Amino acid sequence: MQSIFKLAVSGVQQLIPYTPGKSIEELERELGLSHIVKLASNENPLGPGTKVQQAIQNTVAELSRYPDGNGFALKQALAEKHQLASSQITLGNGSNEILELVARTFLTPAHEVVFSQHAFAVYPLVTQAVGATACVVKALDYGHDLNAMLNSINDKTRLVFIANPNNPTGTLLAEKDLEAFIAALPESVICVLDEAYYEFVAEDKRANSIVWLEKFPNLIITRTFSKAYGLAGLRVGYSFSSAEMADLLNRVRQPFNNNSMALAAAEAALTDEEYLIKTIALNKQGMQQLTQAFTGLGLSWIPSSGNFVSVDMRQAAMPIYESLLKKGVIVRPVANYEMPNHLRISMGTEDENLFFITALKGVLSELG
Ligand SMILES: *Cc1c(COP(=O)(O)O)cnc(C)c1O
């Protein structure tokens with residue numbers, strides 16, 4: 001029988017699929033463990049807030065109807081919060097979908113896309129899927145080397161991805177450097193500024209990127225409800241851009257890409273200031289708890305502005321990851337990010353963090 005593999009477009013043939021963090025159910029099946037702590041996907045350890053849960057309940061009776069394909073209410077709430085026009089907002093099935101929409105809107109196989117080494121794994125995926133060529137720029141201290149990225153831009157470059165903070169390194173760019181970088185880009189290069197962890201950045205270190213939209217028509221800022229707002233399972237992301245850019249993305253977007261529950265939940269999440277404050281405080285405490293433990297174990301880590309931290313195990317991290325699994329802790333190996341000695345740990349609750357720290361101590365002493 002003839003294989004259909006070679007019928008696929010060449011970018012897709014070469015794609016290596018995204019590896020998600022192992023799920024709790026999967027580990028339960030494999031090892032029959034009952035107490036499992038997952039610190040692997042930068043999810044919110046608080047679970048969804050009560051306002052969100054109520055909003056979802058309220059949608060149930062209407063589930064036989066199609067959702068609002070324009071996400072009118074959610075866009076309006078976002079527009080009000082950020083003092084933008086609704087026409088500048090695009091909603092995605094996770095901000096991942098927006099990254100993909102941008103690629104499909106602006107890239108052909110003739111184009112190049114610039115992003116950093118150790119940057120978010122979805123950038124190479126969406127680039128390759130449309131047959132464009134990735135230009136991966138060597139990182140500087142695990143962060144984006146903006147000068148090197150600028151230098152790598154040529155006539156074929158159509159798109160640049162910047163993750164700020166970056167996942168899995170947690171590195172943050174200074175506001176001034178970032179603004180100068182975008183200003184220096186040719187107008188023919190679209191800049192995606194991925195701010196999936198924006199809410200976790202200390203207020204005095206956050207870039208006020210939204211005001212840049214007025215002067216940079218090639219800028220698009222993406223954010224998400226998956227992390228700080230605790231809605232990873234519902235898939236809601238959004239972008240801010242010029243109305244012209246949003247209109248283009250809208251043409252490519254599926255008409256009902258956000259479901260009714262997701263739209264209602266996201267709108268409710270925006271009103272739950274208390275949940276957000278609690279989330280940020282818990283994250284700060286968790287970061288202290290984990291990094292103090294690392295210091296105690298003589299391990300170094302990459303200072304992180306996100307809700308996760310990548311710690312250097314000073315040896316191949318995969319065996320440590322496997323041993324942690326056997327103790328019921330799921331963390332994230334990042335060898336696919338060219339960081340074979342690091343593990344990325346998402347902040348959990350205090351108890352979850354403690355469970356991980358105890359397991360890590362056990363694993364390290366067993367390994368000698
Ligand atoms: C988690 C993450 C996203 C977004 O994920 P969605 O759930 O699709 O919104 C985007 N960028 C980075 C860098 C991330 O880590």
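For ligands, and for the atoms within them, numbers begin at 1 and follow the listed sequence. Just so you know, these numbers come straight off a predicted model, no measurement behind them. Computation of the quantities below employed the complete heavy-atom set of this structure, encompassing side-chain atoms and omitting hydrogens, waters and symmetry-equivalent molecules.
For the salt bridge (Lys or Arg N to Asp or Glu O under 4.0 Å) test, residues two or more places apart in sequence or in another chain that qualify with Lys215 are Glu179.
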Which pairs of donor and acceptor atoms, one on a side chain in residues 326-339, lie under 3.5 Å apart (sequence neighbours left out)?
| from | atom 1 | to | atom 2 | distance (Å) |
| --- | --- | --- | --- | --- |
| Lys327 | NZ | Glu366 | OE2 | 2.8 |
| Arg332 | NH1 | Ala40 | O | 2.7 |
| Arg332 | NH2 | Tyr18 | OH | 3.2 |
| Arg332 | NH2 | Thr19 | O | 3.1 |
| Tyr337 | OH | Ala121 | N | 3.3 |
| Glu338 | OE1 | Gln117 | NE2 | 3.2 |

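Side-chain rings of Tyr275 and Tyr229 stay apart, their centers remaining 6.0 Å or farther from each other. In this structure, Tyr197 has its ring center under 6.0 Å from that of Phe308.
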At less than 3.5 Å, what protein N or O atoms come close to the N or O atoms of ligand 1? Include the distances to 0.1 Å.
| from | atom 1 | to | atom 2 | distance (Å) |
| --- | --- | --- | --- | --- |
| ligand 1 | 5 (O) | Asn96 | ND2 | 3.4 |
| ligand 1 | 7 (O) | Ser226 | OG | 2.5 |
| ligand 1 | 7 (O) | Arg235 | NH1 | 2.7 |
| ligand 1 | 7 (O) | Arg235 | NH2 | 3.2 |
| ligand 1 | 8 (O) | Ser95 | N | 3.2 |
| ligand 1 | 8 (O) | Asn96 | N | 3.0 |
| ligand 1 | 8 (O) | Asn96 | ND2 | 2.7 |
| ligand 1 | 8 (O) | Arg235 | NH2 | 2.7 |
| ligand 1 | 9 (O) | Ser95 | N | 2.7 |
| ligand 1 | 9 (O) | Ser95 | OG | 2.9 |
| ligand 1 | 9 (O) | Thr224 | OG1 | 2.5 |
| ligand 1 | 9 (O) | Ser226 | OG | 3.4 |
| ligand 1 | 11 (N) | Asp194 | OD1 | 3.2 |
| ligand 1 | 11 (N) | Asp194 | OD2 | 2.6 |
| ligand 1 | 15 (O) | Asn167 | ND2 | 2.7 |
| ligand 1 | 15 (O) | Tyr197 | OH | 2.6 |
| ligand 1 | 15 (O) | Lys227 | NZ | 3.3 |

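Here side chain to side chain donor-acceptor pair (under 3.5 Å) pairs that include residues 201-210, with residues two or more places apart or in two chains, are Glu195-Ser209.
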Just do the side-chain hydrogen bond (donor to acceptor under 3.5 Å, both in side chains) check on Ser239 and Ser241 with the steps written out, would you?
-> CA-CA 6 Å; Ser239 67; Ser241 66; 5.0 Å; no

